[in-house]
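Order of listing sets the numbers, starting from 1, for every ligand and every atom in it.
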Amino acid sequence: MGYFISFEGVEGCGKTTQIKLLHEFLTARGRSVLLTREPGGCAIADKIRAILLDAENHAMSPLAELLLYASARAQHVAEVITPALEAGRIVLCDRFFDATVAYQCFGRGIDRDTIAVLNTLACQETTPELTILVDCDPHIGLSRARKRIESSQGPREERFELEALSFHQRVRGGYLHLAAEEPNRFVIVNGDDTIETIFAAISEHVVQHLPEELRVIC
Ligand code: TMP
């Protein structure tokens, strides 16, 4: 089996920059690495992503939203993540099931047991071995995310960026709560540091955590 690492954090925390740097770092050291993301990561889940993030879909109910995340994940896990792990690859996923607890439970207020049932159904036995939480003040993160959306040429994926600051503060609190519940799986890095400082912390943790057969030298 390979090794599964997920990245989490509020909007604009810098996790996407960091996951790309980690992909380059591991690939340059000869590892076979799959970089993927949620929602999305395969054709069907990318179509669901477009529905989920389209700001015109402001009427979407919290339950419909939850079920769409679960169905995108079920497809992504079955089609992409599990086969890559079975092939012995390192999988780096930009958001995974912790995002559903942080956003749909702590953010939207959906019961955590319901989310746990859907996450288990969608993931089966596939769970991240290491989760990097890029923690950042949502006020700072949101202003970065809005600048990125303004300068982007693609579709405006901003349904969550339009949520109130208090929503994003609950999401951040949710992530910190999850990290405290599972200190052996989560590593928290400070998203307010420079890109280089954050990456130095992440690469050090990853190098320490990789199993013997996938180990790399810095
Ligand atoms: P991204 O901006 O990191 O690509 O993530 C897309 C948005 O989807 C982000 O606002 C967080 C949200 N999200 C959830 O609400 N629940 C989930 O389970 C996932 C994976 C993402």
Kindly determine whether C93 and R37 satisfy side-chain contact (heavy atoms from CB on, under 4.5 Å), including the steps that lead there. CA-CA 5 Å; C93 193; R37 69 170 178 182; 5.6 Å; no
side-chain hydrogen bond (donor to acceptor under 3.5 Å, both in side chains) assessment of E129 paired with H209: CA-CA 9 Å; E129 279 130 314; H209 282 82; over 6 Å; no
[atom] - nearest protein heavy atom and its distance:
atom: atom 18 (O) of ligand 1; answer: T100 OG1, 2.6 Å
atom: atom 5 (O) of ligand 1; answer: R95 NE, 3.0 Å
atom: atom 9 (C) of ligand 1; answer: E11 OE2, 3.5 Å

Please work out, at 4.0 Å between heavy atoms, whether the side chain, the backbone, both, or neither of [X] comes within that distance of ligand 1.
X: R37; result: neither
X: R159; result: neither
X: L53; result: side chain
X: E65; result: neither

Looking at [Y] and [X], is any side-chain nitrogen of the basic one under 4.0 Å from a carboxylate oxygen of the acidic one?
X: E11; Y: R144; result: no
X: R215; Y: E212; result: yes
X: E161; Y: R148; result: yes
X: R185; Y: D98; result: yes

Polar contact flag for Y69 and ligand 1 (N/O pairs, less than 3.5 Å): yes
Check: E38 N/O within less than 3.5 Å of ligand 1 N/O: no
Quick check on side-chain contact (heavy atoms from CB on, under 4.5 Å): which of N119, T131, V77 does F96 satisfy it with? V77
R49 to ligand 1, any heavy atom closer than 4.0 Å: yes
Does K15 reach ligand 1, in the sense of a heavy atom lying below 4.0 Å from it? yes
At a 4.0 Å threshold, what atoms of ligand 1 neighbour a non-hydrogen atom of R73? 18 (O), 20 (C)
Closer than 4.0 Å to some heavy atom of Q104 - which atoms of ligand 1 meet that? 14 (C), 15 (O), 16 (N), 17 (C), 18 (O)
Kindly indicate whether the side chain of R156, heavy atoms from C-beta on, has any atom under 4.5 Å from the side chain of I149. yes
In terms of ring plane angle, is the pair F160 and Y103 parallel, tilted or perpendicular, where the classes change at 30° and 60°? perpendicular
